[in-house]
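Numbered from 1 within each chain, the chains take letters A, B, ... in sequence-line order. No hydrogens, no waters, no symmetry mates; every other heavy atom, side chains included, goes into these values. Predicted model only: the values in this text are computed from it and were never measured.
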Amino acid sequence: MTNREVATLLRHYADLLEIQGENPFRVQAYLRAAEVIDRLSTPVALLAAENSLTAIPGIGSGIAAAIDEILGTGRLSALDALQGELPGSLVTLLNLPGIGPKTVGRLYRELGIATLADLEEAALAGRIRQLKGLGANAEQRILEGIRFLRSVSRRFLLGELLPMAERLACQLAQQLGAEVAVVGSIRRMRETVGNINLVAGVADQAVIVHALGSLPEIIEVHEPTPAFVPALSTNGAEVQVVAATPERFGTELVRWTGNWQHVEELSAIAGGALPLAPTEEACYQALGLPWIPPELRENRGELDAALRGRLPQLITLEDVQGDLHTHTTWSDGRGSILEMAMAARDRGYRYLAVADHSAGLGVARGLDAERLREQWREIEAVQARVPAIRILRSCEVEVRRDGSLDLPDEVLAELDLVVASLHAGLRLPRDEQTERIIRAIRHPHVDIIAHPTGRLIDRRPGADYDWDRVFAAAREAGKALEINCGPERLDLNDELARQALDAGVMLAINSDAHAPDDFAWMRYGIGNARRAWARPDQVLNTMPLEALLSWLAR
DNA sequence: GCCGTTTTCGGCCCGACTGTTTTCAGTCG
């Protein structure tokens with residue numbers, strides 16, 4: 001049983017408890033436990049075997065017993081009992097934006113709605129508006145939400161699988177004494193990925209089967225197919241390991257990195273199968289092409305560019321000189337200014353913008369002008385202790401519904417850098433939303449628009465804009481749009497980022513770190529930017545400190 | 001249900017926004 005399967009059962013139980021109207025803190029406890037198990041790199045079964053489940057923060061005696069039962073029987077009797085009263089399918093309704101547990105409970109009790117199909121039918125028939133508190137607009141929103149949910153297929157976030165893929169590749173390489181490479185959509189840095197693909201430089205599948213079986217994060221190894229050895233990892237992702245002899249190692253890297261349309265085009269050039277080659281470079285060279293970075297292999301014009309010698313000089317992680325959107329314990333971050341500054345310095349950054357939330361985001365303990373000024377004193381003190389990195393006074397200021405900002409101009413004027421973003425009102429109509437963001441873009445003190453759409457991958461569609469107008473406004477005002485590196489945001493996405501660059505807009509690639517470890521997210525944003533064909537000169541935070549400061553003083 | 005350098009009981013994130021209704025419950029971040 002994978003960690004993810006255990007977490008899924010706990011989450012399912014929590015969701016049903018919540019629909020039932022159970023104590024929200026109890027619900028929260030199950031959700032937190034599911035979350036922490038999902039993130040565990042050790043199999044939860046291993047911890048259960050040595051009775052150390054309760055050592056995990058968020059898991060006490062009650063939930064430990066539940067986990068033991070799940071591992072032993074594959075079921076949770078409390079969940080089975082609850083499902084006698086409430087259909088388990090109700091939890092799928094919770095994924096609809098704007099629909100919470102209370103509404104789901106009422107939909108079931110008052111209208112007998114248990115599934116998405118029931119709900120869709122009722123909304124189409126205009127029966128939802130019979131419920132007090134719900135009207136024709138709600139029906140419309142529900143139908144839109146159902147359409148959105150159906151359009152996303154559940155995959156893993158890149159950030160969920162990439163670290164494990166690299167650990168597996170490294171451990172497998174040690175076991176095999178051979179090169180092992182991560183390939184597939186993970187290597188192409190797609191925002192969501194379906195599984196973990198590896199290519200191992202060995203001839204024999206049997207040694208792969210044996211080596212996989214000894215890895216701590218592999219739960220079971222399956223019967224090899226002619227193409228690869230399949231296995232299951234603790235987080236529920238399928239792992240596929242391809243055996244490739246040295247003389248065809250490069251060919252297999254190309255084939256398994258994909259995407260399949262890219263490989264198909266290459267095969268067409270070759271007049272059949274890919275040429276046999278020990279390295280990728282040799283494989284491309286045999287086709288008369290330069291090596292093409294994996295992030296570009298999406299059949300979006302990369303072959304044409306390669307043939308013409310017009311491949312872009314893509315930005316790399318090493319080009320990044322600093323992070324311009326980070327949080328601290330002053331708002332909802334978990335690291336102090338000092339901790340964050342030291343972590344940024346240790347990454348080799350030259351500058352760091354401390355951009356805590358403004359007061360408008362009350363939940364995040366946003367800062368008003370007064371607390372902001374207090375924060376500046378601490379920034380000054382930390383700056384003296386960490387002279388190797390320049391700490392910029394910043395703020396992630398709320399863009400209100402009307403496009404105005406959450407802090408007075410005279411306060412904004414004292415900041416080194418202003419990051420503006422919206423967290424509420426993501427569903428405004430396109431025209432209104434476009435006006436709103438353009439007003440923020442044109443605000444003289446604003447420098448960067450953070451996570452421009454506010455989307456959460458596969459969970460929430462973002463704001464709807466007239467992008468041509470937004471890009472034009474950003475270019476004219478000389479403002480940067482962000483690629484937010486958070487694994488569940490990646491906002492702007494690769495396609496929008498590419499359009500922005502084509503429109504002449506400057507990007508900023510920021511981690512939005514809420515803790516020192518989150519700086520590591522930068523690589524996801526860089527991957528995204530490379531998928532958008534971004535060069536270093538098109539990204540604000542590749543500038544050396546002096547250049548950045550003069551850009552800010554522009 | 002979990003947790004504890006004030007606690008083994010009494011907290012636990014809580015305020016803004018939304019849609020609908022006409023004073024607020026539910027959702028969300």
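Rounded to a whole angstrom, the distance from the P atom of B:dT6 to that of B:dG1 is 28 Å. On the C1' atoms, B:dG15 is 31 Å away from B:dT5, given to the nearest whole Å. Remark: the separation of the P atoms in B:dT21 and B:dG26 is 14 Å, to the nearest Å. B:dC12 and B:dT23 have their C1' atoms separated by 29 Å, with the value rounded to a whole Å. Separation of the C1' atoms belonging to B:dC17 and B:dC9 is 35 Å when rounded to the nearest angstrom. Across the P atoms, B:dT20 and B:dA16 are found 22 Å apart, a figure rounded to whole Å.
For A:F25 and A:H423, each mapped to the nucleotide of DNA chain B holding its nearest heavy atom, the one lying further toward the 5' end belongs to A:F25.
Within residues 102-131 of chain A, the residues approached by DNA chain B to less than 4.0 Å at the level of any non-hydrogen atom are A:K102, A:T103, in residue-number order.
The nearest whole Å value for the distance from the CD1 atom in A:I142 to the P atom in B:dT27 is 11 Å. Rounded to an integer number of Å, the gap from CD of A:Q28 to C1' of B:dC13 is 10 Å. Separating the CG atom of A:D332 from the P atom of B:dC14 is a distance of 14 Å, rounded to the nearest angstrom. Atom pair A:R436:CZ and B:dC17:C1' shows a separation of 11 Å (rounding to whole Å applied). What separates CZ of A:R455 from P of B:dC28 is a distance of 19 Å, to the nearest Å. The CG atom of A:D368 sits 13 Å away from the P atom of B:dA16 (whole-angstrom rounding). The distance between atom CD1 of A:I99 and atom P of B:dC28, rounded to the nearest whole Å, is 8 Å. Spacing between atom CD of A:E22 and atom P of B:dC2 amounts to 13 Å, rounded to whole angstrom units.
Every residue meeting the ring-ring contact (aromatic ring centres under 6.0 Å, His included) condition with A:H327, not counting sequence neighbours, appears here in chain and number order: A:H325, A:H357, A:H514. Remark: A:Y349 engages no residue in a ring-ring contact (aromatic ring centres under 6.0 Å, His included) (not counting sequence neighbours). Checked against side chain to side chain contact (heavy atoms under 4.5 Å, CB included), A:D491 has the following partners two or more places apart in sequence or in another chain: A:H451, A:P452, A:T453, A:R455, A:R489. Not counting sequence neighbours, A:Y351 has no partner by the ring-ring contact (aromatic ring centres under 6.0 Å, His included) test.
When the nucleotides B:dG1, B:dG19, B:dT22 are ranked by their closest atom to the side chain of A:R26, B:dG1 comes out on top. Nearest to the side chain of A:N23, among B:dC17, B:dG1, B:dT27, sits B:dG1. When the nucleotides B:dT22, B:dG19, B:dC17 are ranked by their closest atom to the side chain of A:K132, B:dT22 comes out on top. Here the nucleotide nearest the side chain of A:A138, chosen from B:dG1, B:dT20, B:dT22, is B:dT20.
Neither OP1 nor OP2 of B:dT18 sits under 4.0 Å from any side-chain N or O of A:N137. For A:R427, no side-chain nitrogen or oxygen approaches OP1 or OP2 of B:dC28 to under 4.0 Å.
The heavy-atom pair separating A:V539 from A:A508 by the smallest distance is CG1-CA, 4.5 Å. A:R11 and A:D38 make their closest contact through NH2-OD2, 3.0 Å (heavy atoms, listed as atom of the first residue, atom of the second, distance). Closest of all the heavy-atom pairs between A:V419 and A:S394 is CG2-OG, 3.8 Å.
Across all strands shown, nothing is found opposite B:dT8 as a Watson-Crick or G-U wobble partner with both distances under 3.5 Å.
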Which pairs of donor and acceptor atoms, one on a side chain in residues 49-56 of chain A, lie under 3.5 Å apart (sequence neighbours left out)?
| unit_1 | atom_1 | unit_2 | atom_2 | d |
| --- | --- | --- | --- | --- |
| A:E50 | OE2 | A:S52 | OG | 3.4 |
| A:S52 | OG | A:L47 | O | 3.3 |

List, one per line, each side-chain donor-acceptor pair under 3.5 Å for residues 131-142 of chain A, sequence neighbours excluded.
| unit_1 | atom_1 | unit_2 | atom_2 | d |
| --- | --- | --- | --- | --- |
| A:E139 | OE1 | A:R129 | NE | 3.0 |
| A:E139 | OE1 | A:R129 | NH2 | 2.7 |
| A:E139 | OE2 | A:I128 | N | 3.1 |
| A:E139 | OE2 | A:R129 | N | 2.9 |
| A:E139 | OE2 | A:R129 | NE | 3.3 |

Exercise answer: donor-acceptor pairs, residues 83-105 of chain A side-chain atoms, under 3.5 Å, sequence neighbours excluded:
| unit_1 | atom_1 | unit_2 | atom_2 | d |
| --- | --- | --- | --- | --- |
| A:E85 | OE1 | A:Q20 | NE2 | 3.4 |
| A:S89 | OG | A:A114 | O | 2.7 |
| A:T92 | OG1 | A:S89 | O | 2.6 |

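A:A33 comes within contact range of no nucleotide atom at all, as no heavy-atom separation falls under 4.0 Å. Among the protein residues, A:P24 comes within range of no part of the nucleic acid, since none of its heavy atoms lies under 4.0 Å from any strand.
A side chain to side chain donor-acceptor pair (under 3.5 Å) with A:E295 is found for exactly one of A:R188, A:R190, A:R531, A:R530, namely A:R530.
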Listing time: all N or O pairs from protein to nucleotides 3-6 of chain B that are below 3.5 Å?
| unit_1 | atom_1 | unit_2 | atom_2 | d |
| --- | --- | --- | --- | --- |
| B:dC3 | OP1 | A:G58 | N | 2.5 |

